[in-house]
Number of protein chains: 2
Amino acid sequence: MKDHAAGIGWIGLGAGAPAPAAARFGQKAALLAEAAGLGLPVPPGFVLAPDVLADPAATRAALDIGLARLEAETGYCLGCAENPLLLAVRPSVEGGGGGVIPAILDIGVTEAALPAIAARRGERVARDLLRRLVQSYGATALGIEGEEFEFALYDAMKLAGVESETELDPADLADLCRTCLRLIEEEAGVSFPQEPRAQLDGAVAAIVKLWTGARARTRRVARGLPEDAPLALIVQAMALGIGPGVCGAGVAQTRDETTGARRLAGRFLEQAQGEEALMGLRTPALLTVVERLDQGLREPALEERCPAATEALLEAARALEHALGDAFSFEFTLDDGVLHLLEVKPARRSPRAAVRIAVELAEAGAITRDEALLRIDPAALDQHLHPSIDPDAARDRIGKGLPASPGAASGALVFSPDAAELAAAAGRPAILALIETSPEDIRGMHAAKAVLTVRGGMTSHAAVVARGLGTPCVVGAKDLILDRAAGEIRARDGRVFRIGDAVTVDGSTGEVLAGAVPTVPPEITGAFARLMDWADAARRMGVRANADTAQDARIAHDFGAAGIGLCRTEHMFFKRGRIAAMRRMILAENEADRRDALAELLPMQREDFIELFAQMAGHPVVIRLLDPPLHEFLPHGEADIEELAIALGLSPASVRARVLELSEFNPMLGKRGCRIGIAYPEIYETQARAIFEAALEAGARAGSPVVPEIMLPLVSAVRELVVLKEHIHAVAEAVRAERGAMVDYRVGVMIETPRACLRAGEIADAAAFVSFGTNDLTQMVYGLSRDDAGRFMPDYVARGVYAHDPFHSLDLEGVGEMMRIAAERARAHMPGISVGLCGEHGADPASVEFCEQAGFDYVSCSPFRVPIARLAAAQAAIHARRAGSARDA
Amino acid sequence: MKDHAAGIGWIGLGAGAPAPAAARFGQKAALLAEAAGLGLPVPPGFVLAPDVLADPAATRAALDIGLARLEAETGYCLGCAENPLLLAVRPSVEGGGGGVIPAILDIGVTEAALPAIAARRGERVARDLLRRLVQSYGATALGIEGEEFEFALYDAMKLAGVESETELDPADLADLCRTCLRLIEEEAGVSFPQEPRAQLDGAVAAIVKLWTGARARTRRVARGLPEDAPLALIVQAMALGIGPGVCGAGVAQTRDETTGARRLAGRFLEQAQGEEALMGLRTPALLTVVERLDQGLREPALEERCPAATEALLEAARALEHALGDAFSFEFTLDDGVLHLLEVKPARRSPRAAVRIAVELAEAGAITRDEALLRIDPAALDQHLHPSIDPDAARDRIGKGLPASPGAASGALVFSPDAAELAAAAGRPAILALIETSPEDIRGMHAAKAVLTVRGGMTSHAAVVARGLGTPCVVGAKDLILDRAAGEIRARDGRVFRIGDAVTVDGSTGEVLAGAVPTVPPEITGAFARLMDWADAARRMGVRANADTAQDARIAHDFGAAGIGLCRTEHMFFKRGRIAAMRRMILAENEADRRDALAELLPMQREDFIELFAQMAGHPVVIRLLDPPLHEFLPHGEADIEELAIALGLSPASVRARVLELSEFNPMLGKRGCRIGIAYPEIYETQARAIFEAALEAGARAGSPVVPEIMLPLVSAVRELVVLKEHIHAVAEAVRAERGAMVDYRVGVMIETPRACLRAGEIADAAAFVSFGTNDLTQMVYGLSRDDAGRFMPDYVARGVYAHDPFHSLDLEGVGEMMRIAAERARAHMPGISVGLCGEHGADPASVEFCEQAGFDYVSCSPFRVPIARLAAAQAAIHARRAGSARDA
């Protein structure tokens with residue numbers, strides 16, 4: 001007997017016994033028992049564990065034990081003529097298994113029990129209960145199509161000339177019940193059991209059998225449950241929901257699903273049981289007046305019919321939140337106005353609501369701040385950080401790609417960066433649609449409200465730049481045909497959108513929508529702001545932003561970045577009024593001419609840096625010297641080349657020759673990064689001068705010195721660092737001599753090649769800091785270009801060839817190991833050297849977790865994703881502390 | 001005294017004392033002492049170490065000691081009127097320092113000594129010796145321009161009315177001497193020292209001073225000596241070379257410089273000293289009759305004047321070779337027909353001669369076979385393996401690039417692969433000149449006798465393919481302007497070479513020559529063949545070849561490859577009659593159409609493999625499945641695209657779209673390697689089928705089973721291997737079912753990505769072998785495309801940013817460490833797994849040394865470089881054994 005008792009969990013019975021564990025008895029039973037333990041109105045019952053249910057003899061024995069206790073505590077008994085115990089049998093599954101198999105209610109009602117029930121609730125209720133049991137037992141336990149019972153009900157209503165089942169009188173119900181009993185005998189070839197224990201045993205056995213059937217498996221998979229999820233079964237006294245007074249069944253959400261505010265919402269159907277309030281047989285009432293007015297309905301809400309009930313629901317919600325540290329929704333029954341909770345489950349919530357709920361729970365002391373921080377999926381914060389499509393707006397989808405940069409924007413379709421700039425200048429929002437983007441398109445991308453490409457993956461140029469800019473972006477929208485020449489996009493359904501047509505890009509879902517769809521603005525206040533404060537207090541690692549402009553820096557600052565981890569200087573050269581000088585520099589025949597052109601760029605760069613330093617006052621600013629291959633700055637089309645040649649007074653042939661000379665087979669592996677600085681020292685020298693002069697100026701204005709950090713890209717040998725440091729130092733000395741003021745500065749290395757990882761020890765000897773450029777490093781470690789990976793990455797991930805897209809989340813087994821090797825070697829040579837990560841991975845929680853474990857000093861990500869990184873870093877720190885405590889214990 | 005004695009080395013004195021070490025006393029002194037020790041006629045003397053010479057007092061003391069012994073042994077003494085000792089002072093430098101500072105001869109001749117000298121050799125000789133000393137002391141020790149003494153000599157000859165200095169009589173010489181003494185007083189402001197010891201001290205001090213001067217430093221650098229090479233000084237009794245009988249000075253080479261055969265050659269000038277035989281004052285005699293007849297001269301050779309002298313030279317050569325284990329050349333003096341050796345140095349030799357000398361020395365027992373193997377620079381074997389330009393031919397250079405693939409060939413200039421093929425079909429040798437090459441050009445490169453490109457580096461496509469084909473190739477000939485449209489090449493000097501003009505490409509030097517320059521054929525017999533046999537006996541590692549065709553395989557076999565380490569299958573698809581089917585496959589819209597096209601290719605591939613297996617009977621053959629991105633097989637020009645569209649019955653627009661769709665930003669990091677096999681399993685399945693069917697067929701023909709080894713390229717995750725192995729296995733099963741015969745096979749991985757290195761453990765669990773593709777691995781580790789590296793690699797190496805071109809010789813610090821990690825992990829998971837290297841590094845001695853140390857099983861290189869790899873592997877094994885013995889000792 002003892003063994004069988006161990007397979008039973010008690011709900012509202014056996015005070016003091018531990019609540020049944022969700023892992024064994026399922027979430028539903030566990031939460032009901034917790035609620036009951038708190039004194040909340042939960043019908044008493046018990047739950048059988050999966051291992052018990054696997055053995056029919058054990059099941060019977062456990063039912064005996066459970067029933068004995070239930071009968072003893074309630075004073076009712078199964079099959080007693082006087083006090084017949086009525087039972088519900090409900091599946092309980094870890095993670096929630098609602099809807100896979102329906103519950104069977106009203107077990108225990110037999111012809112023999114009817115008089116006793118009728119004596120308490122009247123003849124009609126008794127008849128109705130039997131009819132309901134026959135139907136649900138027939139459908140669920142005996143496998144008869146539910147539709148057949150529904151037809152019988154409709155026939156009965158037609159025959160009686162009534163519009164609602166509640167209007168059927170006892171005789172009608174008795175007839176209907178007989179029809180149903182006949183149906184069972186005809187269809188199932190067995191009789192409905194008129195013995196209560198037989199009903200119970202039959203219901204339990206049937207549900208156990210159904211649970212392992214193909215249909216239930218399919219449903220579980222469809223609901224995201226494990227295909228082989230174990231089943232526990234709750235056997236519980238019925239709360240009838242049918243009878244005199246306010247009786248009925250309902251569902252209640254206790255927090256606003258969108259905002260997270262405490263606010264009751266739901267449905268209540270009088271004279272109903274179980275999930276009938278959601279089934280649409282009759283129109284249910286709303287729960288509160290507010291809700292009713294919101295929806296402009298007249299039918300009185302439950303609050304108006306029975307305010308004690310809604311008060312009891314709110315009270316239960318408060319009690320559960322306080323005790324269990326989460327917000328819940330309920331399935332409930334009212335029996336003559338008295339509340340019974342039949343199911344308690346975590347409340348549905350939007351990401352925004354999740355933040356408010358977690359913060360309020362922590363503030364109420366229901367959970368710790370750590371717990372609140374761990375509750376929130378950092379990636380879901382995106383919703384806070386960008387305008388999003390109004391959830392109530394209609395979505396007329398014309399195409400779908402990858403959600404490359406979140407947020408939504410509407411505007412007029414344009415097909416060239418220039419058109420986007422013209423539109424921006426005219427104050428008209430524009431959506432820039434291109435086959436794919438290249439660095440020349442940056443200005444247009446800046447000007448556009450959103451970017452759409454038909455090629456490329458999550459880490460294509462368009463995607464990376466758009467995320468950096470915080471511009472909504474959809475890439476790889478392959479079902480759209482973009483005809484730039486014709487200036488139109490053709491949708492798969494044949495619709496054509498031309499230049500100037502209004503479209504909306506939803507970068508959070510990857511959808512492209514027709515027309516200008518309304519959006520809602522981002523919100524970085526209230527609960528979200530408090531959560532961020534807690535995150536900052538909890539985390540060990542710093543969070544910086546990748547910011548190229550003062551505008552980026554301002555956003556980064558607003559979003560809580562403690563410095564700039566990566567300022568890409570190439571974008572400075574694409575600005576209007578600069579690209580011409582840049583091109584003249586690249587096309588120069590000798591160093592002197594190059595220096596002339598660079599001298600023209602110097603004051604502009606200096607101004608950029610002054611603004612940047614001012615914006616980031618007091619925080620570190622890491623500036624990466626020029627990285628892309630020079631050919632990216634040159635035009636490629638014949639017309640553009642000729643135009644450039646005329647502008648520079650050169651022959652088109654010579655410009656063409658230089659463009660050809662600079663072109664590369666594999667630009668990613670070409671003459672870029674510090675290789676440019678080695679080949680043309682004057683370029684890096686000019687950049688260094690602009691940085692130093694700006695640092696002096698910004699320091700003078702601010703009244704405290706600015707210490708710029710200069711980062712060298714794509715280093716593969718320590719000599720590159722050594723040689724370039726000498727050049728930079730010479731510039732610093734020259735500036736000191738000219739200005740009579742010292743500028744303090746640091747030179748570090750962006751670790752992007754496997755070789756730099758392996759040689760990190762000797763690199764650290766000469767570097768003030770190292771920062772991993774994980775995008776490029778991933779490219780090198782895999783031998784895989786991010787721009788070309790889109791062709792097969794989805795297929796690779798879908799087939800499990802790669803566990804995930806390594807450009808999206810760090811590949812810990814490969815890239816991660818390279819980084820660990822590098823960090824260890826760097827620290828072995830130079831303990832305390834600053835180690836950071838700058839790149840898209842800086843806001844990926846799994847990658848941030850890795851950085852925490854590897855002891856990095858900071859991560860740096862695009863400004864709009866800084867809050868994500870802050871939370872991810874906090875979670876990583878909490879995990880690390882907990883792992884530490886666990887080890888110490 | 002003892003300290004000073006330690007700084008003295010003895011030459012022909014102090015029998016039993018160890019010969020002075022070359023490292024301290026310089027090569028010249030060391031070899032002279034060795035020769036003297038063997039009883040060869042070396043004038044006795046001693047040598048002062050650099051540390052002694054650095055201290056004037058120590059120098060004087062050491063000279064005292066040296067002179068005392070020399071005087072005691074010879075019976076002559078410095079400054080004695082009766083037996084005046086005459087001395088030569090010669091620099092002796094480690095590595096040979098000839099020509100930096102001249103020797104000073106005849107020290108000890110003074111007016112006071114003249115009677116004693118005259119008594120022995122006549123008045124004229126005595127006067128001449130004094131005149132010579134005054135001149136050489138004045139020029140070398142006192143810094144007077146040598147020209148001034150030459151003018152004085154010419155004046156004296158004019159005055160005397162004679163044509164040669166030998167005709168000057170004693171009075172003329174006395175006058176000339178007085179003129180020279182006056183010159184010294186006027187120019188140097190000092191008197192010529194008439195005291196012998198003062199002469200000696202002055203000569204020594206002057207040479208020591210000159211040695212550290214700027215001019216000597218420059219000369220040392222120009223001669224490839226260290227700028228700060230330490231100087232030792234030899235003080236040696238004079239062998240006069242002036243006097244009665246056959247007297248004079250000469251130089252002798254004892255082995256033929258080109259062939260290495262024992263053969264005396266050189267110059268001898270009567271009545272001369274030191275290097276006068278080479279100075280062109282008078283016409284010297286040749287040494288042997290053979291030499292004289294070769295050159296069609298009448299003047300009798302030394303052999304005819306004094307056969308004992310040439311016999312003594314040959315005897316000395318034999319004795320030295322036997323004792324010292326090397327071949328030497330001499331500087332010598334004859335004194336009345338008696339030989340004196342003044343310098344003994346290693347004989348100059350061509351790479352070919354070096355092989356013959358080393359092999360003959362080993363066969364004669366003078367050195368061990370190991371020593372012989374270590375003597376030869378493997379890279380120098382190239383000269384044996386390709387036709388080379390006749391050394392006697394005139395070279396009219398029109399341009400110079402990088403020596404990308406050795407050997408020389410002449411032919412008619414063509415500017416397209418098609419033209420090269422047409423020429424080959426017509427039996428006309430063609431030189432294919434292109435801006436650069438791409439895989440489409442393979443057929444043309446096959447057909448051409450040599451390839452010339454104006455772009456690209458040592459590891460560009462052209463260079464790699466040409467080395468693989470054994471076709472001479474010059475790449476990156478930047479000083480040539482190639483105008484394909486005009487069909488001409490313009491040289492920097494303005495000359496223009498048009499289609500059909502004859503040119504010669506020397507891939508060994510990088511030169512492009514005008515006209516058809518004669519070449520000499522390769523030779524793989526005799527001493528070279530014996531050396532290769534010894535190498536095979538000495539090495540541990542296997543040597544295989546990278547061979548794509550049966551023709552390659554035959555060459556590989558002839559050159560001693562024990563199997564194929566890399567058969568690149570892509571070349572099979574570029575063959576005539578196949579590329580069309582390949583393109584149809586690529587342009588197919590669905591798998592069925594792809595399979596149709598592949599089915600057409602299957603029998604051709606099968607035939608290729610049958611031939612390959614037949615050629616390599618019994619040896620392993622590693623076949624790499626398709627590697628390049630598919631777009632490399634498609635045309636890119638508009639006309640070619642249209643032609644293809646018409647041929648396939650498609651619209652040009654659709655072909656263009658597919659070409660665009662397949663094009664990549666970074667093809668090296670794109671959809672290539674096993675990514676193709678994952679995306680289009682049917683491609684790899686067809687290849688596997690062709691391999692299996694061919695293995696069965698070839699096995700049946702040969703009567704013993706063929707076990708093909710299938711290699712998967714560009715693996716970055718173990719799942720790629722697992723998935724593709726399943727496909728391949730299914731094909732093997734299908735073939736077994738169809739043919740009723742089992743084919744045994746192995747599937748392995750080409751390790752080319754850093755990630756594959758890190759994951760080598762789990763890869764080894766599933767792989768039968770691993771082989772490093774070091775070219776691609778180097779690209780990934782450095783983040784550097786071999787095709788684009790040429791832009792800056794020479795500059796990087798010249799400036800020491802990279803120690804060497806990592807595509808040429810393995811980067812041991814980065815790439816090498818990745819390989820070590822991979823090999824260790826692979827072996828830890830699967831002890832005994834075969835580990836190889838296939839790629840250009842397979843014939844680079846330093847890289848082969850690394851492979852030996854890392855315990856690799858084999859290296860694989862292009863067929864023409866197999867002998868280089870065999871020798872390099874032997875040297876590596878010898879080094880490893882010696883290091884092992886040293887550790888054990």
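Throughout, a chain's letter reflects where its sequence line sits, starting with A, and its residues are numbered from 1. Since we're looking at a predicted model, the values are computed, not measured.
When heavy atoms are compared at a cutoff of 4.5 Å, B:D776 does not approach chain A at all. For chain A, the nearby parts of B:V801 are the backbone and the side chain; heavy atoms of each come within less than 4.5 Å. Contacts of B:Y782 with chain A are made by both backbone and side-chain atoms, with heavy-atom separations under 4.5 Å. With a threshold of 4.5 angstrom between heavy atoms, B:F792 approaches chain A through side-chain atoms but not through N, CA, C or O.
Between B:D483 and B:R490 there is a salt bridge, since at least one side-chain N of the basic residue sits less than 4.0 Å from a carboxylate O of the acidic one. At a threshold of 4.0 Å, the pair A:D811-B:R755 counts as salt-bridged, since one of the basic side-chain nitrogens sits closer than that to a carboxylate oxygen. Electrostatic pairing of A:R759 and B:E813 counts as a salt bridge here, judged by a charged N lying under 4.0 Å from a carboxylate O. Ion pairing of A:E589 with A:R594 is absent here, as no side-chain N (NZ or NE/NH1/NH2) approaches a carboxylate O to less than 4.0 Å. Salt-bridge annotation for B:E817 and A:R825: present, with a side-chain N of the basic residue lying under 4.0 Å from a carboxylate O of the acidic one.
Interface check for chain A: of the options B:M818, B:Q779, B:M668, the most heavy-atom pairs under 4.5 Å are formed by B:M668. Between chain B and the options A:K671, A:R675, A:M780, heavy-atom pairs under 4.5 Å are most frequent for A:R675. Contact count versus chain A (heavy atoms, under 4.5 Å) is highest, among B:G814, B:A789, B:S785, for B:S785. Top candidate by heavy-atom pairs under 4.5 Å with chain B, chosen from A:R672, A:R786, A:R799, is A:R799. The most heavy-atom pairs under 4.5 Å with chain A, out of B:E664, B:E661, B:E752, B:R455, come from B:E664. Considering only heavy-atom pairs separated by less than 4.5 Å from chain A, the leading option among B:L662, B:I678, B:L777 is B:I678.
Counted by atom type alone, A:S663 and A:H631 present zero donor-acceptor pairs between their side chains at under 3.5 Å.
Within residues 711-721 of chain B, the residues having any heavy atom under 4.5 Å from a heavy atom of chain A are, by residue number, B:L714, B:S716, B:A717, B:R719, B:E720.
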message: Run the side-chain contact (heavy atoms from CB on, under 4.5 Å) test on B:D441 and B:H461 for me, step by step, so that the C-alpha distance in whole Å, both residues' side-chain angles and the decisive distance to 0.1 Å come before the verdict.
response: CA-CA 10 Å; B:D441 305 326; B:H461 177 265; 5.6 Å; no
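A search for side chain to side chain donor-acceptor pair (under 3.5 Å) contacts involving A:E824 returns nothing, not counting sequence neighbours. Qualifying side chain to side chain donor-acceptor pair (under 3.5 Å) partners for A:S651, counting only residues two or more places apart in sequence or in other chains: A:S654. Considering only residues two or more places apart in sequence or on other chains, A:T778 meets the side chain to side chain donor-acceptor pair (under 3.5 Å) condition with none of them.
Within the 3.5 Å criterion, the main-chain N or O of A:P667 finds no donor-acceptor partner in the side chain of B:D788.
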